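Okay, so here's the structure we're looking at.
Proteins get letters first, then strands, A, B, ... in listed order; numbering begins at 1 in each. Only a predicted model underlies this, so the values are computations on that prediction, with no experimental measurement involved. Atoms considered below: every heavy atom in the structure, side chains included; atoms not considered: hydrogens, waters and symmetry mates.
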2 protein chains.
Amino acid sequence: MTTKPRASMRTAARTATPTEARFERVQPGTVAGSLYRAVKRALLQAIEHGSCTPGSALPSEADLARAFGVSIGTVRHAVDELVAEHIVVRQHGRGTFVAVHNADRFLFQFFHVERCDGLQEVPKVELLHFDRARAGETQAAALGLKAGEPIFEIENRLLLQGQAVIHDRLALPASLYKGLTERRFRERPSTIYHLYQTVFAITVTRAHERARAVGADRTATRILGVQAGSPVMEVHRTALTFGDKPVEFRLSTINTARHDYVHLLSRPV
Amino acid sequence: MTTKPRASMRTAARTATPTEARFERVQPGTVAGSLYRAVKRALLQAIEHGSCTPGSALPSEADLARAFGVSIGTVRHAVDELVAEHIVVRQHGRGTFVAVHNADRFLFQFFHVERCDGLQEVPKVELLHFDRARAGETQAAALGLKAGEPIFEIENRLLLQGQAVIHDRLALPASLYKGLTERRFRERPSTIYHLYQTVFAITVTRAHERARAVGADRTATRILGVQAGSPVMEVHRTALTFGDKPVEFRLSTINTARHDYVHLLSRPV
DNA sequence: AAGTGGTCTAGACCACCAT
DNA sequence: TGGTGGTCTAGACCACTTA
């Protein structure tokens, strides 16, 4: 396919390389025929399979180019796409790092409720319930399981400005979160997605949500303090990891009396 | 955008005249210091000021590089960003075209209501009311006007699968849409944003929405056929053109009994 | 066959960060 | 000062569309 003879190039000594990943020369794959896509795939594999852990630096672009046997421009093209997908983060003068799920990222990418006047705030999360259960129809469908397969079921109440605004019911496939306990969940140091990422090597990369307006049921009145039957928003979120594999289903009930669900159509570049 | 946006694009490109824009050599500007940003600004100016009209082809990348006195790689970097912002569309082997607001783009970028089972459909729009009015507080704030400034107020009912699902109330600054008449609005050949673009040279580039759940009022019951007080979604949308200038405010009431408001968090690349 | 965008190379120099 | 990403060049060849 390529005219250039790719002479065997020994991978450079990686004594200074901060990750453990070993990269080999790439050829344009058959699936997505371009070289930069092959490089991207290789980097994704390394991140997905734990050779490059969240927060660690990738090898420098020059090193990657040498290791893969491609030019720097090709490496940059691949990394550009990973940056656009929030998989890695570039820092001028420092390096390129595997993105970490911290509070900022959660607020920016995965949390869309704010006060009517536009005030944004990281929600305070109260754990209400933690249990093992079996997937119902909806949960199973969203998670790609069969009904009855084991899941963790977790209930949270989210507070904004000290007020209960959101009731979340999470469903996690038990097979993906082996060893998860209530204590471990409760004592996580950061966001829930940070817990998934650091303890279970599950990185949430994308999600999709479907929202509708419903009347508040008993549960909503009890947990959010709204009147029975009063209008609240109900959001079904499925969170995905690499390869669009579902790793969390979340049913949220939002009291939109003093808060809005915000949606930006086409972000600026 | 699961279907092919090709056909419409193709027609548009064939009928439109090639661009008349004349480009001069660029220097790295003082605002955003890089050369490719200067190229991007120049292209945006040309599009915004009508030298490159919607549907027409940009000069080829080689020509742009010559005209601007930069290398092709620099031109591509600039165009890459315009593509990411949906300002232009590349077509391999044909050229790069100023994006047209057609039904496909509307569905893909600006319409987020679909049937619970995931069925997407271009809504049928019924005009209910068309009038000149004066901006209220909310409308003025969203549009960057003073309360009382003249606007067009337009009411639509949107049908999906033959059922009334959405009630839209649009507010347009009268100063931006001089000569707009009910007839012109009613007899538009395509989407509303296509009308803005072709007749008033207003291209909607982005929008932001704020959604909440409310009880259906008299108007909602009359127009959507829902029970008084039943939960419906209310969405405030502000549509923006270049430079984030607001050009439309839209208040939507959505009957979410059989339809969902959909939100994709982080699109794939 | 001619023209377009898509990929890729093999460098260069600059801006930024840490030491 | 050395290493990183950010920008830019001046080409080459490939894939695709149209005439």
Side-chain angles (χ1 to χ4, degrees), chain A residues 1-7 9 12-19 25-30 32-41 43 56-66 68-84 88-98 269, chain B residues 4 6-7 9-11 13-14 18-19 25-30 32-41 43 56-66 68-84 88-98 269:
Chain A
M1 197 137 185
T2 43
T3 56
K4 290 270 181 183
R6 298 190 186 286
M9 188 175 292
R14 293 182 318 288
T15 47
T17 305
T19 71
R25 294 188 304 112
V26 289
Q27 308 254 0
T30 51
S34 55
L35 202 45
Y36 84 88
R37 290 244 166 219
V39 171
K40 183 183 173 187
R41 263 198 308 279
L43 291 171
S56 71
L58 297 187
S60 75
E61 297 180 345
D63 285 348
L64 286 173
R66 274 189 291 273
F68 286 125
V70 304
S71 78
I72 284 195
T74 302
V75 169
R76 284 192 63 83
H77 197 167
V79 175
D80 279 345
E81 291 203 354
L82 295 177
V83 169
V88 302
V89 177
R90 284 212 183 92
Q91 289 191 42
H92 193 173
R94 299 219 319 127
T96 303
F97 302 86
V98 182
V269 172
Chain B
K4 39 203 161 275
R6 275 264 196 71
M9 216 26 244
R10 175 175 309 201
T11 355
R14 214 190 266 131
T19 175
R25 297 175 66 88
V26 289
Q27 309 255 1
T30 50
S34 55
L35 202 46
Y36 84 89
R37 290 248 166 213
V39 170
K40 183 184 173 187
R41 263 199 308 279
L43 291 171
S56 70
L58 297 186
S60 76
E61 297 180 344
D63 286 348
L64 286 174
R66 271 189 292 275
F68 286 125
V70 304
S71 79
I72 284 194
T74 302
V75 169
R76 283 191 64 81
H77 197 166
V79 175
D80 279 343
E81 291 204 354
L82 295 176
V83 169
V88 303
V89 177
R90 283 212 184 93
Q91 288 190 43
H92 194 173
R94 299 220 319 128
T96 303
F97 303 86
V98 182
V269 174

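- Val70(B) comes within 4.0 angstrom of sugar-phosphate atoms only, judged by non-hydrogen atoms across all strands, and of no base.
- Rounded to whole angstrom, the span from the CG atom of Asp80(B) across to the P atom of dG6(D) amounts to 15 Å.
- As a whole-Å value, the separation of Leu64(A) CG from dA10(C) P is 16 Å.
- Atom C1' of nucleotide dT7(D) and atom NZ of Lys40(B) are separated by 15 Å, given to the nearest angstrom.
- Here the P atom of nucleotide dG5(D) and the NE2 atom of His77(B) are 16 Å apart, to the nearest Å.
- Of the side-chain N and O atoms in Thr96(B), one or more sit less than 4.0 angstrom from OP1 or OP2 of dG5(C).
- Contacts of Ser71(B) classified as side chain to side chain contact (heavy atoms under 4.5 Å, CB included), with partners at least two apart in sequence or in another chain: Thr74(B).
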Quick test: give all pairs of protein nitrogen or oxygen and nucleotides 11-19 of chain C nitrogen or oxygen below 3.5 Å, distance rounded to 0.1 Å.
residue : atom : partner  : partner atom : Å
dA15(C) : N3   : His92(A) : NE2          : 2.9

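- Side-chain proximity of Ser34(B) to dT9(D), dT7(D), dT4(C): nearest is dT7(D).
- Closest to the side chain of Tyr36(A), out of dG5(D), dT7(D), dT7(C), is dT7(C).
- The side chain of Ser60(B) sits closest to dG5(C) out of dG5(C), dT7(D), dT7(C).
- Residues satisfying the salt bridge (Lys or Arg N to Asp or Glu O under 4.0 Å) test with Arg94(A), not counting sequence neighbours, are none.
- For Asp63(B) and dG3(C), the CG to P distance is 10 Å, given to the nearest whole Å.
- Going from atom CZ of Arg90(B) over to atom C1' of dT7(C) covers 12 Å, rounded to whole Å.
- To the nearest angstrom, C1' of dG6(D) lies 12 Å from CD of Glu81(B).
- Taking only side-chain nitrogens and oxygens, Arg76(A) comes nearer than 4.0 Å to OP1 or OP2 of dG6(D).
- A salt bridge links Asp80(B) with Arg90(B): the closest approach of a Lys/Arg side-chain nitrogen to an acidic carboxylate oxygen falls below 4.0 angstrom.
- The salt bridge (Lys or Arg N to Asp or Glu O under 4.0 Å) test applied to Arg76(B) returns Glu61(B), not counting sequence neighbours.
- In terms of the side chain to side chain contact (heavy atoms under 4.5 Å, CB included) criterion, residue partners of Ala84(B) (sequence neighbours excluded) are, by chain and number, Val269(A).
- If you measure from atom CZ of Phe68(A) to atom C1' of dT9(C), you get 17 Å, rounded to the nearest angstrom.
- The only member of Asp63(A), Leu35(A), Leu43(A) that meets side chain to side chain contact (heavy atoms under 4.5 Å, CB included) when paired with Phe68(A) is Leu43(A).
- Scored by the side chain to side chain contact (heavy atoms under 4.5 Å, CB included) test, Arg25(B) finds no partners at all (sequence neighbours excluded).
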